[in-house]
Trainee: 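Take a look at the following structure, please.
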Amino acid sequence: MSAATLEARPPSVAATAAAAPAPAVDPRERLIQAITLQNAGELDRARVLLEAYLVDQPADPAGLYSLAVILLKQPDMPAARTLLDRAVQLAPGYGPLWFAHATALQGAGERDAALASYDRALAVQPDFTEVLINSGVLLREMLRHAEALARFERVLAIKPEHETALANCAVLLTDFKRSEEATAMFERLLAINPDYDYGPGMLLYERLHRCDWTGFDELRTQIVEGLRAGKRTCKSLALMAITDDAADHQRAAQLFSRQRYPTREPLWRGERYRHDRIRIAYVSPDLREHPVGHLMAGVFERHDRRRFETIAISLGIDDGSRLRARMQGSFDRFIDARPFSAPQIARLMRALEVDIAIDLAGYTADSRNEIFSERPAPVHVNFLGYPGTLGNPHIDVIVADRHVIPPEHQAHCDERVVYLPDNYLPAAAGLEIAERTPTRAECGLPETGVVFCSFNHDYKISPPMFATWMRILAATPGSVLWLMSRGAASQHNLRAAAQAAGISPDRLVFAQRVPRVEDHLARYRQADLFLDTHPYNAHTTASDALLAGLPVLTYSGQSFPSRVAGSLLHAAGLPELVTHRVADYEALAIRLGQQPAELAACRQKLAAARPTSALLDIDGYTRNLEAIWIALWRESQLGGARDAMSGALRR
């Protein structure tokens with residue numbers, strides 16, 4: 001969410017009380033004239049007047065602040081920093097100077113020092129809402145979410161309808177799984193400003209997390225029509241759960257990128273590095289117990305160290321997990337970059353002479369896409385962590401396969417599409433499924449009847465797909481639907497929706513969380529068929545199901561996230577379970593539910609294909625991925641100037 005901006009302030013009696021004795025000509029007139037020019041946008045003339053004024057009145061806080069604001073806007077950061085370092089010593093009791101000082105420090109990437117200056121401003125002026133907003137945004141960036149939430153709540157105690165504070169509070173409440181409060185706050189925000197950036201999408205997305213489908217069709221229509229009119233109605237990740245249109249996904253990504261990630265002065269300017277090995281940097285907040293971590297750990301371990309020097313730029317927490325330790329040991333260099341600002345990380349990557357920088361997060365939680373705005377490496381790649389285009393001119397390539405981005409969909413990607421020969425999503429390597437299979441009773445399942453399973457996140461359960469599932473249950477007597485709902489509100493809403501569809505709520509069974517992923521995967525053996533979601537497919541979850549031997553039925557649509565399960569099924573040798581219309585999906589699910597022999601044959605085919613399955617060939621997958629990195633590196637070596645290289649990487 002946006003931060004507050006610095007503004008010129010007219011001098012007050014209190015601000016100038018400590019100034020030096022007035023000369024014959026009242027210098028306050030010069031100060032007022034300078035601030036008038038500043039507010040009119042004539043910064044150069046205002047700067048000259050203020051510099052002259054401060055010769056006579058060197059400790060005047062209003063003059064110091066006004067000149068600092070001009071220097072920050074021009075921008076003349078060295079001069080601003082020098083002035084502000086002196087100003088806060090000359091006038092420590094003037095809160096706006098500490099605000100400006102913190103802004104300069106934050107811009108330089110000195111986040112801890114910036115926070116300290118914000119706190120000094122609040123010590124002087126506890127109700128300084130702009131400081132509360134900016135320091136709250138900074139605390140969010142530093143992953144200190146509880147402290148950030150407290151700052152935004154302080155703003156709302158002062159200004160209950162402050163839009164930026166409402167939006168930030170709501171987003172942070174979602175991080176703390178306080179969904180009901182977050183939803184209410186999003187509703188309150190939109191009541192104040194129906195056109196708040198991304199507001200309709202944030203509200204609908206949070207409702208989906210609770211399986212609360214209130215106003216789903218109306219909000220979806222508002223979001224899509226707004227996007228097509230050029231409005232920022234929804235972020236692209238949330239849109240993937242709402243609509244199945246790759247062109248709309250691209251529009252949303254482009255609107256977000258243009259607003260958030262403007263082009264900055266490039267750090268890499270066409271230099272050619274002379275390394276013994278190709279230096280690749282994986283940039284991710286998810287090098288821990290996380291789906292991306294599980295999928296990539298085996299790849300990291302299998303990289304050919306004779307040809308590649310591997311660097312991890314870890315943006316997220318160290319969770320102390322076995323997986324984290326495993327990944328720390330699989331890189332030549334593992335850098336915990338949490339304490340660093342985006343500019344500092346970009347400069348570090350340039351200093352390391354990274355050849356290819358690989359973004360494993362895209363627009364997901366705790367990502368730092370502004371790193372790539374500074375062009376720290378010759379080649380920037382969008383890979384794995386985000387299922388679609390970033391709409392960002394600073395990203396050169398997206399790695400996919402021909403199922404998730406067929407050739408006719410390439411026009412909906414701002415990046416050049418580079419294909420892996422099989423599936424783009426690797427299977428989790430080194431993960432052993434527990435030998436013991438829990439009983440049906442232990443899983444809360446009935447002893448007889450077909451078990452349809454969908455262990456997807458709640459937000460992926462769209463109302464149309466849930467209605468399809470209810471028709472499948474109605475046509476399959478004795479069957480149940482086994483879900484992995486995260487919260488009581490979602491379970492309540494799903495049971496109510498089942499009841500409204502004429503299905504007993506008891507036919508929905510909710511799996512409980514288990515401590516070990518190995519034991520969770522063993523539960524799949526008690527299911528008969530995995531029912532995929534649409535328009536946002538199961539990704540890692542579908543891979544897990546196939547890994548455990550459970551057939552997956554998918555409805556493959558017209559966008560990247562709606563085609564991932566289809567890609568996995570082709571790699572696993574079960575393309576017959578990929579449908580392309582919801583009616584075909586429903587009919588095939590019913591047929592398989594009513595024909596246990598056909599369903600058993602699918603399971604047997606999946607097991608028989610396992611030894612030669614591309615899905616499970618992590619060694620082959622890694623070699624294919626490395627072939628892409630080598631090709632991109634060679635391509636970048638052909639150019640000298642940045643423009644030539646950039647052109648070579650584009651379609």
Side-chain angles (χ1 to χ4, degrees), residues 268 273 275 277-305 307-319 321 323-338 340 342 344-346 348-372 374-387 390 392 394-400 415 418 420 424-426 428-430 540 618 621-633 636:
W268 178 78
Y273 302 143
H275 303 150
R277 297 179 292 167
I278 301 171
R279 291 183 188 170
I280 54 176
Y282 289 98
V283 184
S284 175
D286 303 321
L287 303 180
R288 54 189 172 87
E289 190 67 42
H290 184 277
V292 168
H294 279 285
L295 295 175
M296 286 301 296
V299 175
F300 298 150
E301 291 168 338
R302 286 165 173 78
H303 269 313
D304 184 350
R305 299 301 181 81
R307 303 200 68 169
F308 295 94
E309 181 179 344
T310 59
I311 302 167
I313 306 293
S314 177
L315 307 176
I317 62 169
D318 179 354
D319 60 358
S321 64
L323 188 60
R324 173 78 169 197
R326 180 181 163 194
M327 284 187 284
Q328 285 175 323
S330 65
F331 285 90
D332 291 298
R333 191 176 308 197
F334 192 102
I335 300 169
D336 184 350
R338 279 180 303 163
F340 307 148
Q344 287 173 323
I345 295 170
L348 172 62
M349 291 168 65
R350 173 61 185 85
L352 291 171
E353 295 189 349
V354 169
D355 291 304
I356 303 173
I358 302 141
D359 180 6
L360 288 177
Y363 299 144
T364 59
D366 299 328
S367 62
R368 307 280 289 281
N369 305 93
E370 59 270 31
I371 294 167
F372 298 92
E374 303 203 35
R375 180 55 65 173
V379 185
H380 296 170
V381 181
N382 170 15
F383 173 53
L384 189 74
Y386 184 82
L390 295 176
N392 188 330
H394 312 118
I395 305 297
D396 307 302
V397 169
I398 182 171
V399 176
E415 308 89 340
V418 177
L420 285 162
Y424 96 100
L425 195 79
T540 306
I618 193 66
Y621 181 96
T622 305
R623 299 290 84 78
N624 290 332
L625 187 64
E626 288 178 340
I628 290 176
W629 301 157
I630 292 168
L632 292 174
W633 173 79
S636 73

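Model, not experiment: these values are computed from the prediction.
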Trainee: Taking the side chain as everything from C-beta on, heavy atoms only, tell me whether Leu390 gets closer than 4.5 Å to Phe372.
Mentor: no

Trainee: Can you find a pair of side-chain heavy atoms, one from Tyr273 and one from Trp633, that are under 4.5 Å apart?
Mentor: no

Trainee: Taking Asp319 for its side chain and Glu289 for its backbone only, find out whether a donor-acceptor pair lies under 3.5 Å.
Mentor: yes

Trainee: Give a yes or no answer on whether the side chain of Ser367 reaches the backbone of Asn369 with a donor-acceptor pair at less than 3.5 Å.
Mentor: no

Trainee: Is a side-chain donor or acceptor of Thr310 paired with a backbone partner of Asp332 at a separation under 3.5 angstrom?
Mentor: yes

Trainee: Sequence neighbours left out, what passes side-chain contact (heavy atoms from CB on, under 4.5 Å) with Asp336? Give chain and number order.
Mentor: Arg324, Arg338, Pro339

Trainee: When you compare the side chain of Val399 with that of Leu420, does any pair of heavy atoms fall below 4.5 Å?
Mentor: yes

Trainee: So do the side chains of Ile278 and Arg307 get within less than 4.5 Å of each other, counting heavy atoms only?
Mentor: no

Trainee: Can you measure from CH2 (Trp629) to CG (Asp304) and round to the nearest 0.5 angstrom?
Mentor: 15.0 Å

Trainee: Can a donor-acceptor pair be found, under 3.5 Å and without considering hydrogens, that links the side chain of Asp355 to the backbone of Ile280?
Mentor: no

Trainee: Are Arg288 and Leu323 close enough that some pair of their side-chain heavy atoms sits under 4.5 Å apart?
Mentor: no

Trainee: Are Gln328 and Asp318 close enough that some pair of their side-chain heavy atoms sits under 4.5 Å apart?
Mentor: yes

Trainee: List the atom of Leu315, the atom of Ala337, and the distance in Å for their closest heavy-atom pair.
Mentor: CD2-CB, 4.2 Å

Trainee: Please report the interatomic distance CG(Asp396) to CG(Leu632), rounded to the nearest 0.5 Å.
Mentor: 8.5 Å

Trainee: Less than 4.5 Å apart, any side-chain heavy atom of Glu353 and any of His275?
Mentor: yes

Trainee: Which residues pass the side-chain contact (heavy atoms from CB on, under 4.5 Å) test with Arg333, sequence neighbours left out?
Mentor: Glu309, Ile311, Ile335, Leu352

Trainee: Could you work out, with ring pair (Phe, Tyr, Trp, His ring centres under 6.0 Å) as the rule, every residue matching Phe340, not counting sequence neighbours?
Mentor: none

Trainee: Around atom CZ of Arg277, are there more than 12 heavy atoms from other residues, nucleotides or ligands closer than 6.0 Å?
Mentor: yes

Trainee: Heavy atoms, side chains only, cut-off 4.5 Å: are Phe383 and Val397 in contact?
Mentor: no

Trainee: Any idea how Phe331 and Phe300 line up, ring-wise: parallel (<30°), tilted (30 to 60°), or perpendicular (>60°)?
Mentor: tilted

Trainee: Do side-chain atoms of Tyr363 reach the backbone of Tyr386 as a donor and acceptor pair under 3.5 angstrom?
Mentor: no

Trainee: If we ignore hydrogens and angles and just use 3.5 Å, is the side chain of Tyr282 paired with the main-chain N or O of Ala357 as donor and acceptor?
Mentor: no

Trainee: Hey, is the main chain of His394 close enough, under 3.5 Å, to the side chain of His380 for a donor-acceptor pair?
Mentor: yes

Trainee: Keeping the roles fixed (side chain from Glu415, backbone from Asn382), state whether a donor-acceptor pair exists under 3.5 Å.
Mentor: no

Trainee: So how far is it from Arg375 CZ to Trp268 CH2, rounded to the nearest 0.5 Å?
Mentor: 7.0 Å

Trainee: Charged N to carboxylate O below 4.0 Å: is that the case for Glu301 and Arg326?
Mentor: yes

